[in-house]
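This report refers to the structure that appears directly beneath it.
Residue numbers start at 1 and run along the sequence shown.
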Amino acid sequence: MNTAATFQFSLLTESTDCSARRSTYSTPHGDVQLPAFMPVGTQATVKGLTIDQVRDTGAEMVLSNTYHLSLRPGEQVVKELGGLHSLMQWDGPILTDSGGFQLFSLAAMNKVTEQQATFQSHIDGSTINLSPERSIEIQEALGSDIAMVLDHVVALPNDEKTVRDACERSVRWAQRCKAASTTDQQAQFAIVQGGLDPIQRVWCAEELSKLDFHGYAVGGLSVGEAPEDMYTTLDVTCPALPGDRPRYLMGVGRPEDLLEAIRRGIDLFDCVMPTRNGRNAFAFTDEGPIKLRNSVHRTDSRPIDSQCPCAACKHSRGYLRHLFVAKEMLGPILLSIHNLTYYQRILAAARRAIEQDRYMEFLSEKMADWQR
């Protein structure tokens, strides 16, 4: 089968006053309308939600994690159960992270050499070797539509040598990931590293572009740097990436970060924030965040958002607060549904604004609402 026909990026329109763009990405499991937000299902589940509930939020693509699934239940178990799509009963596209983020998040438990990363399992302490080739082997067994290359993520800010070494290693590992591919039914996205150094970022983007990947991600952000530094990094990185491939900002973030990144040419996002915050009684709204444990909501009969169609907004703020105070499971479930729905509604509104060529006006309106 011709991979180019299976995975297709189609640019529909671009803003005239910024770099926002409206496009679609076609995969073997359907099309994704871009810009898009992917709920995070690290261990083949978006925490607390059934897959139908995830689908009802408006999500078209979800993300799972290579490192975690290789430990539990093991990629061969997933394969024997029909792959991730069958396991999760999700019929849309799936993207799998490579395990590269765990080089950052589990830094105290791993060692990185040119050949591979060696982890001490956070589950039982056993030794795990994750090389670029092994990462692709796992992701092919999982059967995701999009496999991320293995990259080397370091904390920010960091010293110049550490950032440069990780950046250069990420390019070499990307080459090895591409060479390791054995299927035309899985696209690979490369990951641009380089910390906050604009020269390193542009160099990395240009080197990876020469390798002709299906898509490109900007990684190594939202790891301790200020939002303004992230925006500046996107300002220099996005123009250095191919205009005919999707661009994915990994692990970001707040609603305002998504819209600022779209303004700079980013198409795809993922983040645990909507579900993690939902489990902690924190609801996103156009009027800013609502902390539902606060006593001011005890007798509030209003929904979180009267315009939101989600299951949580069929209930009063007072009832939702009660669920959290009483430690009922339904509270975190409903707030996770609400926050994911809110993110999908923002992205749908952003797509409409780009189509109408009024994205900067839309961005200003949203920022004013959140800052009010």
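- With 3.5 Å as the limit, one finds a donor-acceptor pair spanning the side chains of Thr96 and Ser144.
- The two residues Tyr216 and Phe213 make their nearest non-hydrogen contact at OH-N, 2.9 Å.
- Salt bridge status for Asp257 with Arg254: present, with a side-chain N to carboxylate O gap under 4.0 Å.
- Remark: the Gln115 side chain and the Ser131 side chain contain no N/O donor-acceptor pair separated by less than 3.5 Å.
- Note on Lys161 versus Asp165: salt bridge recorded, some NZ/NE/NH1/NH2 to OD/OE distance being below 4.0 Å.
- Residue Arg279 comes nearest to Ser336 through the heavy atom pair CG-OG, 3.9 Å, listed as atom of the first residue, atom of the second, then distance.
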Query - Full working for side-chain contact (heavy atoms from CB on, under 4.5 Å) between Ile304 and Thr285 - result: CA-CA 8 Å; Ile304 298 169; Thr285 79; 3.6 Å; yes

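- In this model, no donor atom of one side chain and acceptor atom of the other lie less than 3.5 Å apart for Asp17 and Ser15.
- Taking 4.0 Å as the cut-off between side-chain N and carboxylate O, Glu133 and Arg176 count as a salt-bridged pair.
- Between Tyr319 and His315, the ring-plane angle classifies as tilted under the 30° and 60° cut-offs.
- Note: Tyr25 and Phe189 have perpendicular aromatic rings, judged against thresholds of 30 and 60 degrees for the angle between ring planes.
- If you check the side chains of Asn129 and Thr118, you find a donor sitting under 3.5 Å from an acceptor.
- Within the 4.5 Å cutoff, side-chain heavy atoms of Trp90 are placed close to those of Val54.
- Cluster membership check: Val325 does not share its hydrophobic cluster with Leu334, using side-chain heavy-atom separations under 4.5 Å among Ile, Leu, Val, Met, Phe, Trp and Tyr.
- Between Cys271 and Val252, the closest heavy-atom pair is CB-C, 3.7 Å.
- The six-membered or imidazole ring of Phe9 lies away from that of Phe7, with a centre-to-centre distance of 6.0 Å or more.
- The residues Arg22 and Glu355 are annotated as salt-bridged, a charged nitrogen and a carboxylate oxygen being separated by less than 4.0 angstrom.
- Atom CZ of Arg298 has 12 or fewer heavy atoms from other residues, nucleotides or ligands within 6.0 Å.
- Nearest heavy-atom pair across Cys167 and Cys204 is SG-CB, 3.6 Å.
- Residues Tyr67 and Asp97 bring no donor and acceptor atom of their side chains to less than 3.5 Å of each other.
- Cluster annotation: Leu49 is connected to Ile51 through the hydrophobic network of ILVMFWY side chains, with a link wherever side-chain heavy atoms come within less than 4.5 Å.
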Query raised in the report: Do Asp145 and His85 pass the side chain to side chain donor-acceptor pair (under 3.5 Å) test, and can you show the C-alpha distance, the side-chain angles, and the key distance before you say yes or no?
Result: CA-CA 10 Å; Asp145 298 274; His85 293 89; 2.9 Å; yes

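- Looking at Asp212 and Arg245, a side-chain N of the basic residue comes within less than 4.0 Å of a carboxylate O on the acidic one, giving a salt bridge.
- Between the side chains of Ser26 and Asp31, at least one donor N or O lies within less than 3.5 Å of an accepting N or O.
- Within the 4.5 Å cutoff, the side chain of Leu69 has no heavy atoms near those of the Arg72 side chain.
- A salt bridge does not link Lys210 to Glu206: none of the charged nitrogens lies less than 4.0 Å from a carboxylate oxygen.
- With 3.5 Å as the limit, one finds no donor-acceptor pair spanning the side chains of Asp305 and Tyr342.
- By the rule that hydrophobic residues join a cluster once side-chain heavy atoms approach within less than 4.5 Å of another member, Val78 and Ile128 end up as members of one cluster.
- Arg134 and Glu75 are joined by a salt bridge, as a carboxylate oxygen and a charged side-chain nitrogen come within less than 4.0 angstrom of each other.
- The existence of a salt bridge linking Glu114 and Arg172 is confirmed by a sub-4.0 Å separation between a basic side-chain nitrogen and an acidic carboxylate oxygen.
- Residues Arg321 and His297 bring no donor and acceptor atom of their side chains to less than 3.5 Å of each other.
- A donor and an acceptor atom, one from each side chain of Asp159 and Thr162, are located under 3.5 Å apart.
- The two atoms that bring Gln139 and Ser98 nearest to each other are NE2-CA, 3.8 Å, heavy atoms only.
- Residues Met148 and Val32 fall within the same hydrophobic cluster, defined by Ile, Leu, Val, Met, Phe, Trp and Tyr side chains chained together at heavy-atom separations under 4.5 Å.
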Query raised in the report: Can you check side-chain contact (heavy atoms from CB on, under 4.5 Å) on Gln116 and Leu130, steps first, answer last?
Result: CA-CA 6 Å; Gln116 63 191 12; Leu130 187 64; 6.0 Å; no

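- Side-chain contact between Leu258 and Tyr343: present, with at least one pair of heavy atoms (C-beta onward) separated by less than 4.5 Å.
- Taking the six-membered ring for Trp, Phe37 and Phe269 have ring centres at least 6.0 Å apart.
- Pairing each heavy atom of Ile94 with each of Met88, the nearest pair is CD1-SD, 4.1 Å.
- Distance CD/Gln193 to CG/Asp151: 4.5 Å, rounded to 0.5 Å.
- Using a 4.0 Å cut-off between charged side-chain N and carboxylate O, Arg55 and Asp91 make a salt bridge.
- Atom NZ of Lys178 is surrounded by more than 12 heavy atoms from other residues, nucleotides or ligands within 6.0 Å.
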Query - CA sep, side-chain torsions, deciding dist, call: Glu287, Asp369, side-chain contact (heavy atoms from CB on, under 4.5 Å) - result: CA-CA 6 Å; Glu287 298 174 351; Asp369 287 341; over 6 Å; no

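- By the criterion of side-chain heavy atoms lying less than 4.5 angstrom apart, applied directly or through intervening Ile, Leu, Val, Met, Phe, Trp or Tyr residues, Val296 is not grouped with Leu323; the two fall into different hydrophobic clusters.
- With 3.5 Å as the limit, one finds no donor-acceptor pair spanning the side chains of Gln43 and Ser64.
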